[in-house]
Asks: 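Okay, handing you the structure first.
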2 protein chains.
Amino acid sequence: MSTSGVPTRRGRPGYDQQGVLDGAVELFNLHGYDATTMDMVAAHLKLSKGALYHHISSKEQLLELALDRALGALEGVLADSRKLGDAAARLEFLMNGAVDVLARELPSVTLLLRLRGNSAVERAALDRRREFDARVTELIAEAQSDGTIRRDIDPGAASRMLFGMLNSLTEWYRPDGSGDGPRIAADMLTVALDGLRAP
Amino acid sequence: MSTSGVPTRRGRPGYDQQGVLDGAVELFNLHGYDATTMDMVAAHLKLSKGALYHHISSKEQLLELALDRALGALEGVLADSRKLGDAAARLEFLMNGAVDVLARELPSVTLLLRLRGNSAVERAALDRRREFDARVTELIAEAQSDGTIRRDIDPGAASRMLFGMLNSLTEWYRPDGSGDGPRIAADMLTVALDGLRAP
DNA sequence: GTCTATAAATGGATAGAC
DNA sequence: GTCTATCCATTTATAGAC
């Protein structure tokens, strides 16, 4: 099954739902969800509005599908991190995994990070995100007990600063095929752990 | 002249423009600019829409006024930083000043950081913001030459990571009168410069 | 699976009375 | 300075033909 937006069923023209979703999310991130109209989405896909609504049931369904994708990926990394031993290893795995998800699922995560809670769908996604944040804070507190993370910063504040930096990726990182993703991920972890000051 | 939203002209009821602006920006940040209707703004101020338009000429003017306030404050800190001597001192002043502006002008800066460039007003503000970012990157490059800031990170990336962390304040810091602002500012500079790792 | 046409509701903004 | 009433463009979504 294709997730690239290019239809795969042999001989059949037109979009599948994933292709419609990818095009819509691209526009949502370009102009913001609220400022993007279904006319714009249809034009972007070179479809009429009637044809667009053949693939999806509502504008909000597009948002819901994208948010579930982003949250599923982040929660997956969190679940995988639980398999590791000490807090330091779990935190490092989580930081790496989060940057990886941000880069790989940039469109859907970008959408997630801009939510304001204007509908039931948005509020449900924000709840799931808060749950994720709470788990990260717990992990940081544990790593502080271990002596891995500095103890002079409140774990909640540390978690927000860490993900404030990581999440800013959605505002400036644009994959360009140059393969610089791993380098930027490594740089972010360096700065998050050791700071900007010259050693 | 009051900037608190509470009218000051003796005996005269009703709002001045600043009061209307403050109420509107509060709603813009709560729901997003595009998702906020002028009906909502009027209801929030306990005014009719007709009365609301007596104080301002358009929804976009409210946005423009708020963005100018945010950008003016940030550009002011940048201008003041130029009075200092070496790059290290100027960068430290700028980091402190930026956190201070973020906290003091939280509503208008929050609005600025969420822009998507959907209109001429938004694009002009984004241009001013890019100019600010370019100056920060220059300053970081200079501090790298001085040996103050680590040289193994690209100055543009370092600038984005730094302000990614600082700007995240708009997503979680809520002044509560407890006077914890200076503490949080100091913590952010500690983490930005020396990292989260236990010393 | 796509199209045109249109329904139904909402949005920004204005008119004119008080 | 505020109100009610209204205009007109836009928006989400559906109907029904091909």
Side-chain angles (χ1 to χ4, degrees), chain A residues 1-2 5-25 27-28 30-67 111 116 118-122, chain B residues 1-2 5-25 27-28 30-67 111 116 118-122:
Chain A
M1 194 75 90
S2 164
V6 179
T8 50
R9 285 183 288 182
R10 43 194 167 116
R12 281 274 200 54
Y15 286 96
D16 59 4
Q17 194 183 64
Q18 187 63 48
V20 167
L21 179 59
D22 289 346
V25 171
L27 275 192
F28 289 165
L30 201 52
H31 306 111
Y33 174 75
D34 293 296
T36 305
T37 71
M38 294 302 268
D39 277 323
M40 291 162 68
V41 174
H44 184 65
L45 294 168
K46 296 187 166 86
L47 276 180
S48 68
K49 254 200 308 190
L52 175 57
Y53 274 97
H54 176 79
H55 297 285
I56 48 101
S57 64
S58 69
K59 185 185 182 186
E60 194 164 44
Q61 190 200 13
L62 288 168
L63 182 64
E64 192 166 19
L65 288 168
L67 294 177
L111 209 50
R116 302 307 311 154
N118 288 330
S119 67
V121 165
E122 295 192 18
Chain B
M1 195 73 93
S2 165
V6 180
T8 50
R9 284 183 290 182
R10 45 200 163 112
R12 282 273 200 57
Y15 287 96
D16 59 4
Q17 194 184 63
Q18 187 63 48
V20 166
L21 179 59
D22 290 346
V25 170
L27 273 193
F28 290 164
L30 201 52
H31 305 112
Y33 174 74
D34 294 297
T36 305
T37 71
M38 293 302 267
D39 277 320
M40 289 162 69
V41 174
H44 183 65
L45 294 167
K46 296 190 166 84
L47 276 180
S48 68
K49 253 200 307 189
L52 174 57
Y53 274 96
H54 177 80
H55 297 284
I56 50 101
S57 64
S58 69
K59 186 185 181 185
E60 196 164 43
Q61 190 200 13
L62 288 168
L63 182 63
E64 193 167 18
L65 288 168
L67 295 177
L111 208 50
R116 303 306 309 152
N118 288 329
S119 67
V121 165
E122 295 192 19

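Scope of the values below: all heavy atoms of this structure, side chains included, with no hydrogens, waters or symmetry mates. Each chain gets a letter, A, B and so on, in the order the sequences are listed, and its residues count up from 1.
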Asks: Could you tell me how far apart A:Leu47 (CG) and C:dT4 (P) are, to the nearest whole angstrom?
Replies: 11 Å
Asks: If we check side-chain contact (heavy atoms from CB on, under 4.5 Å) with B:Lys49, which of these qualifies: B:Asp39, B:Thr37, B:Val41?
Replies: B:Asp39
Asks: Round to a whole Å and report the spacing from CG of A:Leu45 to P of C:dG1.
Replies: 15 Å
Asks: To the nearest 0.5 angstrom, please state how far the CG atom of B:Leu47 sits from the NE2 atom of B:His55.
Replies: 5.5 Å
Asks: Considering residues, nucleotides and ligands other than B:Glu64, do more than 12 of their heavy atoms fall under 6.0 Å from its CD?
Replies: no
Asks: Counting only N and O atoms by type, is there a donor-acceptor contact under 3.5 Å from the side chain of A:Tyr15 to the main-chain atoms of A:Leu45?
Replies: yes
Asks: Nearest whole Å is fine: how far is C:dT2 P from A:Gln17 CD?
Replies: 14 Å
Asks: Counting heavy atoms from C-beta on, name the nucleotide in C:dC3, D:dT12, D:dT2 closest to the side chain of A:Lys59.
Replies: D:dT12
Asks: With a 4.0 Å limit, can you tell me whether B:His54 has a side-chain N or O closer than that to the phosphate oxygens OP1/OP2 of D:dC3?
Replies: no
Asks: Figure out the NE2/P separation between B:His55 and D:dG1, and round it to whole Å.
Replies: 6 Å
Asks: Could you give the CG-to-P distance, from B:Asp34 to C:dT10, as a whole number of Å?
Replies: 18 Å
Asks: On the nucleotide C:dT14, are OP1 or OP2 found under 4.0 Å from the side-chain N or O atoms that B:Tyr53 carries?
Replies: no
Asks: In whole Å, I'd like the distance from the OH atom of B:Tyr33 to the P atom of C:dG12.
Replies: 8 Å
Asks: Rounded to the nearest angstrom, tell me the gap between atom CE in B:Met40 and atom C1' in C:dT10.
Replies: 13 Å
Asks: Between C:dC3, D:dA13, C:dG11, spot the one nearest the side chain of B:Asp39, thanks.
Replies: C:dG11
Asks: Could you give the CG-to-C1' distance, from A:Asn118 to C:dT10, as a whole number of Å?
Replies: 15 Å
Asks: Out of C:dG1, D:dT11, D:dT2, which nucleotide sits closest to the side chain of A:Thr37?
Replies: D:dT11
